[in-house]
Amino acid sequence: MTRVLYARVPLVHGSWWLAWTEDGVCAGAGPEWDEARFVSWIRRRHDGDVAGGDPAAVPDGIDWRFVPSGFRRDVLRACARIPAGQTRTYGQLAVEAGHPGAARAVGTAMATNPLPPIVPCHRVVRGDGRIGEYGAGGPARKAEMLVREGVVVRDGVVAS
DNA sequence: ATACCGGCTAGCC
DNA sequence: GGGCTAGCCGGTA
């Protein structure tokens with residue numbers, strides 16, 4: 001049973017909640033969450049100890065143990081490989097994850113991403129260039145984050 | 001099994 | 001281009 005630590009961590013996109021084990025980050029949530037909500041959510045997904053940690057000591061990697069293997073993990077892992085400043089469409093990510101044709105299901109997998117913004121689901125946009133939805137704060141935040149990473153967004157559409 | 005539902009898409013006006 | 005539809009896939013009840 002692994003100990004999970006958590007803290008509000010200053011990131012380029014603001015102060016996000018992160019939780020981690022010795023093996024890597026295992027959960028994340030946006031700045032608007034309060035501590036009680038984040039902790040209770042962590043406890044629901046993890047039955048070990050949960051305690052406050054040092055925000056300066058967050059590990060670099062990701063601990064995938066709490067993401068069940070299968071489609072979800074395939075897609076999240078593929079998403080984690082998208083570099084800052086780049087985007088993919090839901091359809092492209094489906095291909096890269098080894099599930100061509102599953103664009104719609106990729107949307108669902110992104111919507112339930114347990115590790116925003118560490119798994120950068122904000123970099124996944126619609127096939128026609130429109131920003132698309134964003135569960136961890138809405139489309140406006142998604143657009144802000146992309147712009148901050150150097151992506152050109154105009155009227156809610158990623159420049160081609 | 002079956003029947004929705006959702007961060008999508010391609011095709012057709 | 002815009003708006004609509006039907007199809008799509010994986011998750012969940």
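Predicted model, so just to flag it, every value in this text is computed and none were measured. Per chain, numbering begins at 1; letters A, B, ... match sequence-line order.
- C/dC8: no Watson-Crick or G-U partner with both key distances under 3.5 Å is found in any strand.
- At least one side-chain heavy atom of A/Leu93 sits under 4.5 Å from a side-chain heavy atom of A/Met110.
- Within the nucleic acid shown, A/Ala102 comes within 4.0 Å of sugar-phosphate atoms alone, with no base atom in reach, counting heavy atoms only.
- Ionic pairing of A/Arg141 and A/Glu32 is present here: one or more N-O contacts between side-chain nitrogen and carboxylate oxygen are shorter than 4.0 angstrom.
- Residue-level contact check: A/Phe71 touches the backbone only, with heavy atoms under 4.0 Å from sugar-phosphate atoms and none from bases.
- Atom C1' of nucleotide C/dG11 and atom CZ of A/Arg72 are separated by 7 Å, given to the nearest angstrom.
- Aromatic pair A/Trp33/A/Trp16: centroids not less than 6.0 angstrom apart.
- Closest-nucleotide positions on DNA chain B for A/Ala105 and A/Val125 were compared, and the one nearer the 5' end corresponds to A/Ala105.
- Note on A/Gly135: a base of the nucleic acid sits closer than 4.0 angstrom, heavy atoms only.
- Pairing partner, B/dG7: none, since no Watson-Crick or wobble contact has both distances short of 3.5 Å.
- Residue A/Arg130 contributes atom CZ, which lies 11 Å from atom P of C/dG1 at whole-angstrom precision.
- With A/Arg8 contributing its side chain and A/Pro31 its backbone, the two residues share a donor-acceptor pair below 3.5 Å.
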*Kindly determine whether A/Arg65 and A/Thr2 satisfy side chain to side chain donor-acceptor pair (under 3.5 Å), including the steps that lead there.*
CA-CA 11 Å; A/Arg65 278 178 297 171; A/Thr2 312; 3.1 Å; yes
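- The neighbour count for A/Asp34 CG, taken as heavy atoms of other residues, nucleotides or ligands under 6.0 Å away, is above 12.
- When DNA chain B is scanned in the 5' to 3' direction for atoms under 4.0 Å from non-hydrogen atoms of chain A, the outermost contacting nucleotides are B/dG6 to B/dT9.
- Here the C1' atom of nucleotide C/dC8 and the CG atom of A/Leu93 are 16 Å apart, to the nearest Å.
- With rounding to whole Å, A/Asp155 atom CG is found 12 Å from C/dG1 atom P.
- Residue contacts shown for A/Val106 are absent, as no nucleic acid heavy atom lies under 4.0 Å away.
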*For side-chain contact (heavy atoms from CB on, under 4.5 Å), just list the numbers for A/Trp17 and A/Arg37, CA-CA rounded to whole Å, side-chain angles, deciding distance to a tenth of an Å, and then say yes or no.*
CA-CA 10 Å; A/Trp17 290 101; A/Arg37 181 182 180 193; over 6 Å; no
